[in-house]
Amino acid sequence: MKKLYGIGIGPGDKELITMKGYRLIRECHVVFIPESNGESLAGRIAEDYIKDKKLVRLEFPMGDDNKENYIKASKVVEETLSDDEWGVFLTLGDPMVYSTFLYLMAELEKRHVETESIPGISSFTAAASRAKLPITLRGENFYLCDGDINEDILKTVNTICILKTTKNKEGILDTLERNSFKYVYVKRCTQGDEKILYTRDEILKDRDYISLIIGGREIND
Ligand SMILES: C[S@@+](CC[C@H](N)C(=O)[O-])C[C@H]1O[C@@H](n2cnc3c(N)ncnc32)[C@H](O)[C@@H]1O
């Protein structure tokens, strides 16, 4: 039966990939790579591992409603794989966290193509390590969201991480400040051009989509 593995390739450092993810990439018949306007960060992170593989690029333009693209991509996957062949789909961080693979998986299941997710190191756990900020201590709660903070939830947690910061960065910082949360901005975490920013002005000036904000009641105290 045809099968597609979603491989979490981690946040950027090519050594932050699991042994299982690496083995499946090396052994698969086809590597499917998500692209936005012809660019693929996932493809770049894994470039050393996929040089000699059969590559198929799937376009998912950033910011677009990709419903049609997920359907198209699932058709390409089904038509590319012969019976009993299997492929991998590279995904940034972990496939179960705000990833394209989740939508592709739903479309593939309609086509009776088997799917499996291989966990990866998510951007927010990697960023917590780089910034040396614990996400949770004993008895604490954590809130993960993508751009819009629900203030009722925020009031109940100790720590928050916001992905996709470019959607509403000023609003995010206002909400955090109003609720007495300190924050850190981590950009291109574990990649060559990683930056960790602490001040409101610096954070607002930066426009990189590959960035996140960690907020906490105790940060920088
Ligand atoms: C479509 S989501 C993918 C999340 C991914 N599946 C994960 O587990 O981290 C894209 C968002 O992930 C975050 N992200 C991914 N890699 C990152 C990195 N190396 N540094 C900072 N943020 C990153 C950014 O917030 C970006 O806007």
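Note that ligands are numbered from 1 as they come in the structure, with each ligand's atoms numbered from 1 the same way.
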Can you list the atoms of ligand 1 that are under 4.0 Å from a heavy atom of [X]?
| X | answer |
| --- | --- |
| Q191 | 19 (N) |
| V186 | 21 (C) |
| R188 | 19 (N), 20 (N), 21 (C) |
| D94 | 6 (N), 7 (C), 8 (O) |
| G93 | 7 (C), 8 (O), 9 (O) |
| I210 | 16 (N), 17 (C), 18 (C), 19 (N), 20 (N), 21 (C), 22 (N), 23 (C) |

*Proximity flag T190 to ligand 1, non-hydrogen atoms under 4.0 Å*: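 Contact absent.
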_Could you check whether any heavy atom of S211 sits closer than 4.0 Å to an atom of ligand 1, since that is the contact criterion I want to use?_
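So S211 counts as touching ligand 1.
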Before signing off on this row, confirm whether [X] and ligand 1 have an N or O atom pair separated by under 3.5 Å.
| X | value |
| --- | --- |
| T91 | no |
| C189 | yes |
| F124 | no |
| S123 | yes |
| G12 | no |
| K187 | no |
| T165 | no |

*Would you please classify the geometry between the F124 ring and the F142 ring as parallel, tilted or perpendicular, with 30° and 60° separating the classes?*
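Taking F124 first and then F142, their aromatic rings lie parallel (interplane angle under 30°).
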*Between Y49 and Y22, what is the ring plane arrangement, given parallel below 30°, perpendicular above 60°, and tilted in between?*
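Ring orientation, 0 to 90° scale: perpendicular.
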At what distance is the nearest protein heavy atom to [atom], and which residue and atom is it?
| atom | value |
| --- | --- |
| atom 8 (O) of ligand 1 | S122 OG, 2.7 Å |
| atom 19 (N) of ligand 1 | P11 O, 2.8 Å |
| atom 6 (N) of ligand 1 | V97 O, 2.6 Å |
| atom 27 (O) of ligand 1 | Y209 O, 2.8 Å |
| atom 5 (C) of ligand 1 | L92 O, 3.1 Å |

Check the side chains of [Y] and [X] for a donor-acceptor pair under 3.5 angstrom, ignoring hydrogens and angles.
| X | Y | answer |
| --- | --- | --- |
| S36 | E59 | no |
| E151 | N179 | yes |
| E202 | Y185 | no |

Is the backbone N or O of [Y] less than 3.5 Å from a side-chain atom of [X], with the two atoms forming a donor-acceptor pair by type?
| X | Y | result |
| --- | --- | --- |
| K169 | I203 | yes |
| E194 | T190 | yes |
| S40 | P34 | yes |

_Side chain to side chain, Y198 and K182, heavy atoms closer than 4.5 Å_ =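 No. Closest side-chain heavy atoms not under 4.5 Å.
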_Could you report the tightest heavy-atom contact between I121 and P11, atom names first, then the distance?_
O-CD, 3.5 Å
*asked:* Aromatic contact between F60 and Y103, with the criterion being ring centroids under 6.0 Å apart: yes or no?
replied: no
_salt_bridge(E79, K75) N-O dist < 4.0 Å_ = yes
*asked:* For atom 1 (C) of ligand 1, tell me which residue out of F60, Y98, Y185 has the closest non-hydrogen atom.
replied: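 Going through F60, Y98, Y185 one by one, Y98 has the nearest heavy atom to atom 1 (C) of ligand 1.
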*E107/K67 under salt bridge (charged side-chain N to carboxylate O under 4.0 Å, His left out): CA gap, chis, key distance, verdict*: CA-CA 10 Å; E107 292 303 328; K67 177 81 185 140; 3.0 Å; yes
